[in-house]
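Below is one structure, written out as structure tokens; the observations come after it.
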Amino acid sequence: MKKHLLAAAITLLAAGSALAQAGDTLAKIKSSGALTLGVRESSGLGYTLGNGKYVGFHTEMSERIADDIQKQLGLAKLDVKYQPVTSQNRIPLVTNGTVDLECGSTTNSAARQKEVAFAVTTYVEEVRIAVNAQSGITGIKDLNGKTIVTTTGTTSVQTLRKNKRADGLTFKEVMGKDHADSFLMLETGRADAFIMDGSILAANISKSKAPQDYKIVGEVLSVEPIACMLRKDDPAFKKAVDDSIKRQIADGSLAKLYDKWFMQPIPPANVKIGLPLSDATKDAWAHPNDKPMESYEVK
Amino acid sequence: MNWEWQVFCQDTITMEVGASCFGKGGDVTYLDWMLSAWGWTVSVSLLSLVIALVVGALVGTLRTLEGRPWVVRLGNAWVELFRNIPLLVHIFVWYHVVPAIFPAMKSLPGFVLVVFALGFFTSARIAEQVRSGIQALPRGQRYAGMAMGFSTFQTYRYVLLPMAFRIIIPPLTSETMNVFKNSSVAFAVSVAELTMFAMQAQEETARGVEVYLAVTGLYVISAFAINRVMAFIEKRARVPGLLAAGAGGH
């Protein structure tokens, strides 16, 4: 009996992955007249305002990609559906066909490239250190013996581990359940430094009670290319997405979009994040590529 | 779905699969990490269980004392306090709010906190079971104790509690297993236990299915081990003819 159940489960799984592989997303979009976007509820590059409304730098960019695809396919109307995804379910939802294009804050990594494809890099995230402005910490060398917080389920934990090993530092590591929780540990003095993606640090600081009390200091600990994620082995769809992004870079609209979401007051609280375009991101725009984080070097 | 179980043999820094699945000389593989996380889960659970059983038995017993209304009220207040607040909220209140009021508590590590929070939370539920176990006994049992000239303490020690505990072993088994499953909230205050391992390792390796399956297996093994221990206790503690013979281990 048990063997039968196992066999049935394996058959189901096999059938599922076979379906997912037979993917021609452009044909699917054309026949259904709909494109499903994977969006984030709360991240630096995309978030929700509630009531099913999703905004942010990457969310708006992916809406423009959808417009370009609509033009390319000559559709009179393209229905854009929003599907919120999380770090845990984003890859399965892309591979099983629920989501056609995920533009959130997904790092392009070699491990993920085994399962999904990435469009050209549109944002290069820099992992930084946020501290209390009074703490006197100016870089990773000052973190010896300190307590450092980072968020569970992020690549920053790995970065921290690598730095710990490379610089021979000893520090106490605590992990927040989510970014808000991690920032609360910094605010309440349970941690001396919060190590995380620069955009997340900047956003948390800008939303805090006293933004002037915190600052982002020190060297860039790691750089990670962030890109839209799509199904593997679908070159036509990848080309359509890449072309749209290259078009947005070339005509300057992506830079304007960046300015809108990072340098101007944004909803819901109408506060500025104030994170200028980094050299790493400028470089990625100048030479569009889909290289994983493993081929990036910290300068 | 193609399985990639060698993900557990990967080093957590270089991401390379080593010859042995256990790291050497300070290197840590995902398997090493998962086993250490399992250790944290088991430690949190067992320590919380000890607190829960001791406090639960005490509070439950106090709530059945006759002629001591204030002691009973105190016991009721304890149960209602811990039963009416969700476990996760409990932990956050202890971790973030209480230290803001009493700064001395700031240095308390998350591990101690979660052991007490989970222990007290479960103690409220065990207290309720102990109380119902004692009250399920015929009133004649208490009078019999008094007729023997026993003090209140002796009546409980020799007459009421031995019977009440035998009656509540099945619900107590569920509760002890729940402690293991509820220990997953410990990750919220940065105890490096299994749930945190699962969230972190799946992010780093992108092999979520394998990681979650392994972690699920470890939770099942831990909770089921407790189930077997309780089934053994139930079998050994049974008084023939006194209670309906059950198979044990509910």
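Any value given below was found using the heavy atoms of this structure, including those in side chains, with hydrogens, waters and symmetry copies removed. Letters A, B, ... are given to chains in the order of the sequence lines, protein chains preceding strands, and every chain is numbered from 1.
- Across A/A111, A/P92, A/S109, A/G153, the residue that shares the most heavy-atom pairs under 4.5 angstrom with chain B is A/G153.
- For A/K141, the NZ atom sits in a packed shell: over 12 heavy atoms of surrounding residues, nucleotides or ligands are nearer than 6.0 Å.
- For A/Q212, the CD atom sits in a packed shell: over 12 heavy atoms of surrounding residues, nucleotides or ligands are nearer than 6.0 Å.
- When all heavy atoms of B/E203 and A/T155 are compared, the closest pair comes out as OE2-CG2, 3.9 Å.
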Practice task
Please test B/M199 against A/M175 for side-chain contact (heavy atoms from CB on, under 4.5 Å), starting from the C-alpha separation and ending with a verdict.
Solution key: CA-CA 11 Å; B/M199 292 184 74; A/M175 290 198 206; over 6 Å; no
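- Note that CZ of B/F92 and NZ of A/K177 are 4.5 Å apart. Values are rounded to the nearest 0.5 Å.
- Within a 6.0 Å sphere centred on CZ of B/F82, other residues, nucleotides and ligands contribute more than 12 heavy atoms.
- Residue with the most contacts toward chain B among A/V157, A/V174, A/T151: A/V157 (heavy-atom pairs, distance under 4.5 Å).
- Atom NZ of A/K291 has 12 or fewer neighbouring heavy atoms from other residues, nucleotides or ligands inside a 6.0 Å radius.
- The neighbour count for A/K207 NZ, taken as heavy atoms of other residues, nucleotides or ligands under 6.0 Å away, does not exceed 12.
- Looking at B/T205, the atoms closer than 4.5 Å to chain A (heavy atoms on both sides) all sit in the backbone: N, CA, C or O.
- To the nearest 0.5 Å, atoms CD (B/E4) and NZ (A/K114) are separated by 5.0 Å.
- Taking all atoms of both residues into account, the shortest heavy-atom contact from B/Q200 to A/T152 is OE1-C, 3.6 Å.
- Comparing B/K106, B/E204, B/Q202 by heavy-atom pairs within less than 4.5 Å of chain A, the highest count is held by B/E204.
- Using a 4.5 Å heavy-atom cut-off against chain B, the contacting residues of residues 179-200 of chain A are A/D181, A/L184, A/M185, A/T188, A/R190.
- By the ring-ring contact (aromatic ring centres under 6.0 Å, His included) test, B/W40 pairs with B/F111, sequence neighbours left out.
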